Amino acid sequence: MDYKKDFVEILFSQLQDNLDVQKLENMIEIPKFENQGDLSFPCFELAKIFKKSPQQIAIELAKKIKLPKHFQHVEAVSGYVNIFLNKQIASTTVINEILTKKEYYGEIKNGNKKIITIDFSSPNIAKPFSMGHLRSTVIGNSLALISEKSGYQVVRINHLGDWGTQFGKLIVAYKLWGEKQKVIENPIKELLKLYVKFHEEAEQDEQLNDQARHCFKMLEDGNEGALELWNWFKEESLKEFNKIYQLLGINFDSFNGEAFYNDKMVQVVQLLEEKNLLKESDGAKIVEMEGGLPPCLIMKKDGTTLYATRDLAAAIYRHDTYQFEKSFYVVGNEQSLHFKQIFTVLKKLGYEWHHGLTHVPFGMMLKDGKKMSTRKGKVVLLEEVLSEAINLAKENIEEKNPQLAAKEEVARQVGTGAVIFHDLKNYRLNDIEFSLEDMLRFEGETGPYVQYTHARASSILRKGGYEESLDLLTFYDEEAWPIITKLKAFPDVIKRAFEESDPSQIAKYVLELSKAFNKYYGNVRILDDLEQKQARLSLVYCVQITLKEGLRLLGIQAPEEM
RNA sequence: GUCUCAGUAGCUCAGCAGGAUAGAGCAUACGCCUUCUAAGCGUACGGUCGGGGGUUCGAAUCCCUCCUGGGACGCCA
C-alpha cells in the first residue's frame with residue numbers, strides 16, 4: 001500500500017488545475033511531530049495562486065477531501081493539511097508483510113541482477129592494516145550488501161597495493177638494514193620499521209630515492225631477485241590481512257592487486273598513443289585535462305608506470321571481464337582528483353561505460369586532528385583495536401551473562417560490531433577523529449546497543465514460546481505505533497542508502513528502531529496479556545527480523561543472546 | 001596560491017531535493033531491577049546552527065563574502 005501516492009491522488013483531484021502529480025509528490029512531507037499526523041501537505045505555495053492565506057486554503061482543502069478507509073482523518077493546522085493513517089490497517093499491513101517476507105523484507109529489484117564491481121579495502125602490502133583501511137573495508141562491504149539487497153550482483157574486488165615505487169624502497173631498505181629472521185618472526189611490524197627507517201634516512205640522503213626507483217624498475221622488468229623478495233613480502237602480508245577479514249567476516253571475489261595489471265600496461269599506453277592523447281612533458285608521458293584539472297601522469301621518464309596507469313588498465317580489464325553496469329571505488333577523499341583524472345582519460349578514450357564509474361570517497365581517520373602517516377610510523381593498528389574490543393566484550397559477558405554458551409563467538413560478534421558500527425554510523429565523508437574510548441563504547445548509540453536490543457527481542461520470543469503462524473492477524477496497539485512507522489520505513493531507507501552510497505542511513509535507522517522498541521519494552525509487558533500475546537510477539541518478531549537484517553547490511557552479526 | 005570538504009549543546013554527531021516547537025548519544029545530577037537480559041528506560045541541565053550580507057511568505061538547509069580547520073594539487077599510492 002502506497003499511502004503517499006494515494007494522498008497525492010486525493011490532492012490532485014482537488015488541485016489538478018494548478019499542480020501536477022510530480023510536483024505534488026515532491027511537496028508531500030512527513031511531519032516532524034507525531035501529533036501532526038503521518039503525511040503532510042504545505043499550502044504556502046498556493047497562497048499566491050488562490051490569493052488566500054495558506055491557513056484558509058488548508059482548511060478548505062481539508063474540508064473537501066474524501067478519505068478512503070485506510071486514512072483515518074485529516075486536519076488543517078497552520079497552513080498544512082495533515083493526514084493521519086488508520087493505525088489498525090497500517091499496523092496490520094506492515095506486520096503481515098514482514099511476517100511473509102522475513103529477511104527479504106525491504107528487498108528492491110531495481111538492479112535486475114546487473115553487475116556492480118566494488119573496489120574496496122585494498123590495503124598496501126608490507127604495511128600494517130591501519131584504521132584508515134578499516135573505513136574502506138567496512139564501507140565497501142556494507143555497500144556490497146546494500147547493492148545485493150537492491151537487486152544487483154556484486155563483484156568484490158580487493159585491489160591490493162602490491163606494486164609501485166614503495167616496493168623499491170622496501171627492497172632497498174631490506175638489503176641495507178633488514179634481517180631475515182626478524183622479518184620471519186614479525187613480518188608486518190619489521191617491514192614497517194624498515195619502511196619508516198627508509199624515509200628517515202632518505203631525508204638526509206637523496207640518493208636512496210634514486211636507488212628505490214631503480215629497484216622498482218628492476219621489479220617491472222622482471223628481475224628475479226627483486227621479485228622473490230616482493231613475493232615473500234606479499235605472502236606474509238596476506239596472511240595477516242586474512243586474519244582480519246576473517247574476524248570481520250568479509251570475503252572477496254578477487255584479490256587482483258596492482259601487480260596483476262603489470263602485463264596489461266603496455267596496451268594502455270599503446271591505446272593512448274593511438275588515440276593521440278599522450279603528450280611528452282619533461283621526459284614523462286602525460287594526458288592533458290580540460291577544465292583546469294592538472295594533467296594525468298601516465299609514465300615516468302624512466303619508463304616505469306604510475307598508479308594512474310594501473311588504474312586505467314584495471315578499469316578496462318574489469319569492464320572486459322565483468323561487463324559491469326556500475327563500478328564503485330571506495331577510496332579515501334584525498335584521491336578525488338586522481339579518480340577525476342582517470343575517469344576523464346577513459347572518457348577521452350571513447351569508452352561510453354565511463355558513466356558507470358563512481359568514486360565513493362570517505363573522510364579520513366585523524367589522529368590529533370592530523371592525517372596518520374605510514375611513512376612516519378604514526379599508525380594505529382586495526383588488529384590491536386579489534387582484539388581490545390573483543391576482550392572488552394568478553395569482560396562484559398562475564399559480568400552480565402556468565403552462563404552464556406558461546407562466549408567467544410558472541411564476544412567476537414559484539415567487539416567487531418562495536419568497531420564497525422562506530423565507523424558506519426557517521427556520514428561517510430566526515431573525518432573521524434580516532435578515539436579508542438569512543439570505539440570501545442557499548443552504551444548509547446552503538447553497535448552493541450542494537451545487538452542488545454536484538455538479543456532482548458530474541459529472548460522474549462523464546463520465553464514466550466512464539467510460534468509463527470501463517471494466518472494473517474489483525475494488529476493494533478497504540479503504544480506500538482512508533483515501532484510500526486519505523487518498520488514501515490525500512491524499504492525507503494535501503495533505497496536511499498543505495499542511491500547515496502551511504503551505509504550510515506541504515507545505521508541511524510537501526511538505532512531509531514532500537515530506541516522505539518526499547519521504549520515499548522519498558523512500558524508494555526509483552527508476555528502478560530494472554531489475549532494480545534500472539535499479536536505482540538509477532539511485532540517483536542518483526543523487530544527482530546528487521547534489526548537483524550539491518551545489522552547484516554552493515555556487516556554486523558546479531559547474536560540471539562549476549 | 002588554486003581546487004575541494006567541513007564548522008550545529010562541554011564532547012561526538014543527526015537534521016541540509018527550504019517549511020510547523022533545531023534533535024540524539026556521551027558527560028553531569030537525580031529516579032527506575034522480588035516482574036520479559038539495567039549493554040536498558042525516564043527526568044533535569046545544556047544552542048547568537050562560525051561571522052556578515054542576499055534570495056524567499058519562510059533559511060541550520062540555497063547563493064555571495066569573510067574567518068577558522070582538514071585534505072589534494074607531475075614523475076608516491
Side-chain angles (χ1 to χ4, degrees), chain A residues 26-27 29 31-33 36 40 42 44-45 47-48 53-54 77-80 82 122 124 161 163-166 168-169 209 212-213 216 258 281-286 292-302 304-308 310-311 331-338 340 361 363-364 366 369-371 374-375 393 396-397 399-401 404 414 418 422 425-427 429-433 435 437-438 441-453 455-464 504 508 511-512 514-515 518-528 540 561-562:
Chain A
N26 290 336
M27 285 173 78
E29 297 171 22
K32 224 176 212 169
F33 301 91
Q36 293 165 340
S40 175
F44 306 97
E45 284 188 46
K48 264 186 196 157
S53 76
V77 185
S78 56
Y80 290 87
N82 292 335
S122 313
N124 294 322
W163 208 240
T165 309
Q166 51 176 334
K169 292 177 181 174
N209 281 319
R213 279 190 281 267
F216 176 56
E258 295 182 44
S281 168
D282 298 334
K285 295 197 170 152
I286 61 164
L293 283 184
C296 181
L297 257 92
I298 301 295
M299 197 182 260
K300 293 187 268 187
K301 60 182 162 206
D302 65 2
T304 56
T305 58
L306 284 146
Y307 184 44
R310 293 189 276 280
D311 262 356
V331 181
N333 228 343
E334 67 270 31
Q335 291 191 34
S336 294
L337 176 61
H338 165 74
K340 259 184 212 157
M364 270 172 304
L366 302 176
K370 289 267 183 324
K371 188 181 177 180
T374 315
R375 295 181 185 188
N396 271 284
I397 291 169
E399 186 193 324
K400 291 166 181 170
N401 196 359
L404 182 69
V414 173
H422 175 263
K425 76 173 171 184
N426 292 132
Y427 181 54
L429 282 161
N430 288 352
D431 289 341
I432 297 183
E433 171 68 29
S435 155
E437 205 190 325
D438 277 0
R441 185 163 280 144
F442 290 0
E443 290 160 18
E445 297 177 323
T446 66
Y449 170 77
V450 180
Q451 289 171 314
Y452 176 75
T453 310
R456 255 185 165 177
S458 307
S459 169
I460 282 206
L461 292 172
R462 268 196 313 276
K463 290 238 163 87
S504 79
K508 280 163 207 151
L511 278 175
E512 283 167 15
S514 296
K515 280 183 203 171
N518 279 321
K519 191 167 185 162
Y520 182 77
Y521 181 95
N523 293 334
V524 178
R525 303 288 309 168
I526 294 163
L527 298 177
D528 287 0
V540 175
E561 290 179 75
M562 63 187 265

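Keep in mind that what you see is a predicted model, and the values were worked out from it rather than measured. Chain A is the first sequence line, chain B the second, and so forth, proteins listed ahead of strands; every chain is numbered from 1.
- Ring stacking is absent between Y521(A) and rC36(B), as the pair misses the limits of under 5.5 Å between centres and under 30 degrees between planes.
- Salt bridge annotation for K515(A)-E445(A): present, with a cationic side-chain nitrogen under 4.0 angstrom from a carboxylate oxygen.
- Here the C1' atom of nucleotide rG23(B) and the NZ atom of K515(A) are 9 Å apart, to the nearest Å.
- Regarding contacts with the backbone of rG42(B), every side-chain N or O of N523(A) stays at 4.0 angstrom or more from both OP1 and OP2.
- Side chain of K301(A), nearest nucleotide from rA20(B), rC36(B), rC75(B): rC75(B).
- In this structure, S504(A) reaches neither bases nor backbone, as no heavy-atom distance under 4.0 Å exists between it and the strands shown.
- We find that K508(A) and E512(A) are not joined by a salt bridge, their nearest charged nitrogen and carboxylate oxygen being 4.0 Å or further apart.
- Smallest separation of non-hydrogen atoms from M299(A) and L306(A): N-CD1, 4.0 Å.
- Residue G444(A) is in sugar-phosphate contact alone, with no base atom involved, counting any heavy-atom pair closer than 4.0 Å across all strands shown.
- A straight line from CD of E437(A) to P of rC13(B) spans 14 Å, rounded to a whole angstrom.
- Taking 4.0 angstrom as the limit, R441(A) places none of its side-chain polar atoms (N or O) nearer than this to OP1 or OP2 of rA27(B).
- Distances shorter than 4.0 Å separate some side-chain N or O of K300(A) from OP1 or OP2 on rC76(B).
- Across all strands, T453(A) comes closer than 4.0 Å to no nucleic acid atom at all (heavy-atom distances).
- An OP1 or OP2 oxygen of rC76(B) is reached within less than 4.0 angstrom by no side-chain nitrogen or oxygen of K169(A).
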